[in-house]
**Student:** 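Quick one: the structure is below, questions incoming.
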Amino acid sequence: MDESTPPAAAGQVDLGRALSAVLRRYLKGAGAAIEDVPGGPRGFQVLSIADEGACSNQAMIAMRLGLDRTVMTYLVDDLEGAGLVERRPDPADRRARQVVVTPRGRSLLETSTASIRDVERAVLAGLSDDEVETFRSLLARVTDGAPDDHSGCGAPVPEC
């Protein structure tokens with residue numbers, strides 16, 4: 001579409017196709033931006049959630065990300081092998097393992113977060129700053145209807 005082609009009316013946009021296009025652009029950029037993180041964008045998300053501290057239990061991180069536990073195990077194996085996280089027994093459940101970010105992991109997370117912000121700016125480059133703020137606000141409202149389940153994390157449910 002060039003500048004002379006008017007954009008489709010909002011009611012005519014296929015939500016699934018539009019979300020898929022945005023996600024593909026994001027994942028392509030994120031994969032390239034954080035190639036040093038084992039597991040790419042998923043590995044980054046695990047590091048980010050573990051660093052938040054609200055849900056460090058490996059099974060609960062998998063649930064929060066919608067990942068199969070087997071996939072999560074391999075992902076954490078790779079992050080641990082790179083020295084970015086450690087597994088520790090969960091004091092609330094000896095059968096469970098906490099995923100704890102190491103200092104090396106925290107340093108990589110900081111640089112990766114900056115890279116991800118650049119990708120987000122590129123994906124949303126067609127929007128003004130006010131529109132980006134509105135877009136993020138609307139996403140927050142839409143996702144607020146399906147809150148993350150923190151019941152098994154051993155920590156209080158975070159305020160939203």
Side-chain angles (χ1 to χ4, degrees), residues 15-125 127 132-133 135-160:
L15 181 62
R17 197 167 42 195
L19 290 173
S20 179
V22 171
L23 181 60
R24 280 192 312 273
R25 286 179 59 201
Y26 171 81
L27 290 175
K28 182 178 179 183
I34 57 174
E35 62 189 4
D36 294 344
V37 179
R42 282 184 175 172
F44 171 78
Q45 290 172 337
V46 170
L47 280 174
S48 180
I49 292 170
D51 192 56
E52 289 172 2
C55 187
S56 61
N57 176 299
Q58 182 173 323
M60 295 308 297
I61 294 172
M63 183 187 307
R64 184 169 175 189
L65 292 174
L67 295 176
D68 178 83
R69 288 181 184 210
T70 305
V71 172
M72 181 66 176
T73 299
Y74 288 121
L75 189 53
V76 175
D77 285 347
D78 291 345
L79 292 168
E80 188 173 41
L84 304 175
V85 300
E86 296 175 349
R87 286 182 173 105
R88 295 184 187 156
D90 187 338
D93 180 355
R94 292 183 309 165
R95 299 166 297 168
R97 309 301 275 168
Q98 290 182 326
V99 179
V100 179
V101 179
T102 65
R104 181 176 179 191
R106 189 159 289 111
S107 176
L108 182 60
L109 179 62
E110 288 174 11
T111 58
S112 297
T113 298
S115 296
I116 288 293
R117 295 290 179 236
D118 291 341
V119 170
E120 290 173 356
R121 279 191 287 279
V123 169
L124 301 175
L127 303 177
V132 168
E133 187 175 324
F135 182 75
R136 288 182 182 278
S137 175
L138 292 171
L139 281 176
R141 283 178 44 198
V142 168
T143 59
D144 189 44
D148 298 322
D149 180 1
H150 294 275
S151 61
C153 296
V157 176
E159 293 287 325
C160 294

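The structure presented is a predicted model; accordingly, all values stated were derived computationally and were not measured.
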**Student:** Which one of L47, I116, V37 satisfies the side-chain contact (heavy atoms from CB on, under 4.5 Å) criterion with L109?
**Tutor:**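 Per the side-chain contact (heavy atoms from CB on, under 4.5 Å) rule, the option paired with L109 is L47, out of L47, I116, V37.
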**Student:** Do D77 and R87 have side-chain heavy atoms sitting under 4.5 Å apart?
**Tutor:**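 Answer yes - side chains close enough.
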**Student:** How far does CG of D68 sit from OH of Y74, to the nearest 0.5 angstrom?
**Tutor:**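 So the gap between those two atoms works out to 10.0 Å.
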**Student:** Check whether S48 reaches the backbone of F44 with its side chain - one donor and one acceptor, N or O, closer than 3.5 Å.
**Tutor:**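 Here the side-chain-to-backbone pair does not exist.
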**Student:** Applying side chain to side chain donor-acceptor pair (under 3.5 Å), can you list everything that pairs with R25, at least two apart in sequence or on another chain?
**Tutor:**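 Result, side chain to side chain donor-acceptor pair (under 3.5 Å) vs R25: none returned.
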**Student:** Determine whether I61 and N57 make a side-chain contact, defined as any pair of heavy atoms from C-beta on separated by less than 4.5 Å.
**Tutor:**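 Answer no - side chains too far apart.
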**Student:** Please identify each residue that fulfils side chain to side chain contact (heavy atoms under 4.5 Å, CB included) with V100, with sequence neighbours left out.
**Tutor:**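 Result, side chain to side chain contact (heavy atoms under 4.5 Å, CB included) vs V100: R88, Q98.
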**Student:** Between the side chain of T143 and the main-chain N/O of A140, is any donor-acceptor distance below 3.5 Å?
**Tutor:**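 Present.
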**Student:** Say you draw a straight line from CG of L65 to CZ of R42; how long is it, rounded to the nearest 0.5 Å?
**Tutor:**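 The distance works out to 8.5 Å.
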**Student:** Going from CD on Q58 to CG on L67, what distance comes out if it is rounded to the nearest 0.5 angstrom?
**Tutor:**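 Here the interatomic distance stands at 10.5 Å.
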**Student:** Using the salt bridge (Lys or Arg N to Asp or Glu O under 4.0 Å) criterion, which residues pair with D78? Sequence neighbours excluded.
**Tutor:**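 Salt bridge (Lys or Arg N to Asp or Glu O under 4.0 Å) check on D78 returns nothing, list empty.
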**Student:** Which atom pair, heavy atoms only, marks the closest approach of G43 to L79?
**Tutor:**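 Looks like O-CD1, 4.0 Å.
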**Student:** Side-chain contact test, heavy atoms from C-beta onward, threshold under 4.5 Å: evaluate it for S112 versus D36 and give yes or no.
**Tutor:**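 The answer is no, as the side chains (C-beta and beyond) never meet within the 4.5 Å cut-off.
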**Student:** Rounded to the nearest 0.5 Å, what separation is found between the CD atom of E80 and the CG atom of L75?
**Tutor:**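 It is 11.5 Å, given to the nearest 0.5 Å.
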**Student:** Using every non-hydrogen atom in the two residues, find where T102 and G83 come nearest and quote the distance to one decimal.
**Tutor:**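 Scanning both residues, the minimum pair turns out to be OG1-O, 2.6 Å.
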**Student:** Ignoring hydrogens, what is the shortest heavy-atom contact between F135 and L124? Give both atom names and the distance.
**Tutor:**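 Residues F135 and L124, closest heavy atoms: CE2-CD2, 3.8 Å.
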**Student:** Between S20 and R24, is a side chain to side chain donor-acceptor pair (under 3.5 Å) present by the stated rule, with each step listed?
**Tutor:** CA-CA 6 Å; S20 179; R24 280 192 312 273; 2.7 Å; yes
**Student:** R117: which residues meet the salt bridge (Lys or Arg N to Asp or Glu O under 4.0 Å) condition with it, sequence neighbours left out?
**Tutor:**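 For R117, the residues satisfying salt bridge (Lys or Arg N to Asp or Glu O under 4.0 Å) (neighbours in sequence not counted) are E120.
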**Student:** Under 4.0 Å between a side-chain nitrogen and a carboxylate oxygen: does that hold for R106 and D51?
**Tutor:**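 Result for this pair is yes, salt bridge flagged.
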**Student:** Under 3.5 Å, is there a donor-acceptor pair between the side chain of S115 and the main chain of I34?
**Tutor:**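 Not confirmed, S115 side chain does not pair with I34 backbone.
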**Student:** When rounded to the nearest 0.5 angstrom, what is the spacing between CG in D90 and CZ in R95?
**Tutor:**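 Result: 10.0 Å between the selected atoms.
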**Student:** Suppose we screen for side chain to side chain contact (heavy atoms under 4.5 Å, CB included). Which residues come up paired with T111, at least two apart in sequence or across chains?
**Tutor:**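 Counting only residues at least two positions away or on another chain, T111 forms a side chain to side chain contact (heavy atoms under 4.5 Å, CB included) with L108.
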**Student:** Does a side-chain heavy-atom distance below 4.5 Å link V46 with M72?
**Tutor:**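 With C-beta onward as the side chain, the pair touches.
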**Student:** When you measure from the side chain of S137 to the backbone N and O of E133, does any donor-acceptor pair fall under 3.5 Å?
**Tutor:**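 No, S137 side chain to E133 backbone: no donor-acceptor pair under 3.5 Å.
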**Student:** Identify, with sequence neighbours excluded, every residue that meets salt bridge (Lys or Arg N to Asp or Glu O under 4.0 Å) alongside E35.
**Tutor:**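 So E35 forms no salt bridge (Lys or Arg N to Asp or Glu O under 4.0 Å) with any residue.
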**Student:** Looking only at non-hydrogen atoms, find the nearest pair between G31 and P41 and report the distance.
**Tutor:**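 Nearest pair, atom of G31 first, then P41: N-CG, 4.1 Å.
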**Student:** For R104 and A82, work out which heavy atoms get closest and say how close.
**Tutor:**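 Closest approach of R104 to A82, heavy atoms only: NH1-O, 2.9 Å.
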**Student:** For the pair E52 and R64, find out whether any cationic side-chain nitrogen is under 4.0 Å from an anionic carboxylate oxygen.
**Tutor:**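 Here E52 pairs with R64 in a salt bridge, since their nearest N and O are under 4.0 Å apart.
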